[in-house]
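Structure first, commentary second.
Nothing fancy with the numbering, it's 1 onward along the sequence.
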Amino acid sequence: PLVNSSGNPLCRDGAYFTRHTVGLDPANAHVNRMTFQYNAVAGTFVVSSSAAIARLSPRREGADGILLTPDGQLVVGGGNGGAVGTDGRIHVVDPTATNSFVTRAIPNGGRSLHVMEDTAGPGSV
C-alpha cells in the first residue's frame, strides 16, 4: 500500500469537476481537476488547488454534468448554446491535455445538462 514517511497508509486520487459559469475571463476553465490525499490513521484529508483542463467556449455557455468513460475520456454536458432555443452541446474532453476536446451540437434545441453512461451497451433496454 501507499504510505507516507511515517508509515501511515495513504489514499491519493483525483477528481474532475465542472464550473457552470466561468464568465469572460479566459483564465477560468469549465473542466477542472483537483487531487486529494487521505491519511486514514491520522484522519487528515488534504485537497490541492484545482488545475484547469478545458475552457469549452469563449462565451458564457455553461458546463454541467461530467462523466469519466472507461477509455479515460470525460463527457461533459454543455447546457445550451447560450440562448434559449439554440442547440445544446456535449463535449468529449481529453483529461491528459489542456484544451483538447471535441464538441457536438444537439439539434432542435436539445440540451445536455446531465450525462450518464449506459453500461449495458448499445441496443440494451
Side-chain angles (χ1 to χ4, degrees):
L2 183 64
V3 296
N4 67 7
S5 60
S6 301
N8 294 328
L10 298 176
C11 173
R12 285 190 183 145
D13 211 338
Y16 299 101
F17 64 96
T18 61
R19 293 180 62 199
H20 189 270
T21 305
V22 296
L24 298 177
D25 183 349
N28 295 332
H30 290 98
V31 182
N32 301 273
R33 182 178 197 280
M34 62 118 201
T35 57
F36 63 85
Q37 178 176 300
Y38 175 66
N39 182 323
V41 174
T44 58
F45 183 77
V46 179
V47 178
S48 73
S49 58
S50 64
I53 294 176
R55 182 173 174 90
L56 302 175
S57 170
R59 301 172 303 199
R60 293 182 185 198
E61 177 177 321
D64 199 351
I66 189 167
L67 170 75
L68 182 62
T69 65
D71 65 353
Q73 300 294 298
L74 300 172
V75 174
V76 178
N80 66 346
V84 174
T86 60
D87 292 343
R89 308 273 188 264
I90 191 131
H91 312 277
V92 179
V93 178
D94 178 355
T96 65
T98 302
N99 287 322
S100 177
F101 59 91
V102 176
T103 299
R104 300 276 190 252
I106 300 173
N108 303 317
R111 295 183 179 201
S112 61
L113 297 175
H114 300 175
V115 294
M116 63 184 286
E117 179 182 11
D118 178 3
T119 57
S124 62
V125 178

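- Rounding to the nearest 0.5 Å places OG1 of Thr103 at 10.0 Å from CD1 of Ile90.
- Every residue two or more places apart in sequence or in another chain that forms a side chain to side chain donor-acceptor pair (under 3.5 Å) with Ser48 is listed here: Thr35.
- Minimum heavy-atom separation, Val76 to Val115: C-CG1, 4.4 Å.
- No donor-acceptor contact under 3.5 angstrom links the side chains of His30 and Thr18, judged on distance only.
- Taking the six-membered ring where the residue is Trp, Phe45 and Tyr38 present tilted rings, their angle falling between 30° and 60°.
- Contact between Val93 and Gln73 at its shortest, heavy atoms only, is O-OE1, 3.4 Å.
- In terms of heavy atoms, Leu74 sits closest to Pro95 at CD1-CB, 3.8 Å.
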**Request:** Please lay out, stage by stage, how Arg55 and Asn28 fare under the test side-chain contact (heavy atoms from CB on, under 4.5 Å).
**Result:** CA-CA 7 Å; Arg55 182 173 174 90; Asn28 295 332; 4.0 Å; yes
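- Shown here are the side chain to side chain donor-acceptor pair (under 3.5 Å) partners of Thr44, two or more places apart in sequence or in another chain: there are none.
- Atoms CD and CG, from Glu117 and Leu67 in turn, are 5.5 Å apart once rounded to the nearest 0.5 Å.
- Residues passing the side chain to side chain donor-acceptor pair (under 3.5 Å) test with Asn99: none are found, sequence neighbours excluded.
- Taking Phe17 as the reference, nothing meets the ring pair (Phe, Tyr, Trp, His ring centres under 6.0 Å) condition, with sequence neighbours excluded.
- Applying the side-chain contact (heavy atoms from CB on, under 4.5 Å) criterion to Val46, with sequence neighbours excluded, gives no partner residue.
- Put simply, the side chain of Val31 reaches to within 4.5 Å of the side chain of Ile66, judged on heavy atoms.
- Considering every non-hydrogen atom in both Ala54 and Ala29, the closest pair reads O-CB, 3.5 Å.
- When the side-chain contact (heavy atoms from CB on, under 4.5 Å) test is applied to Ala51, no partner is found at least two apart in sequence or on another chain.
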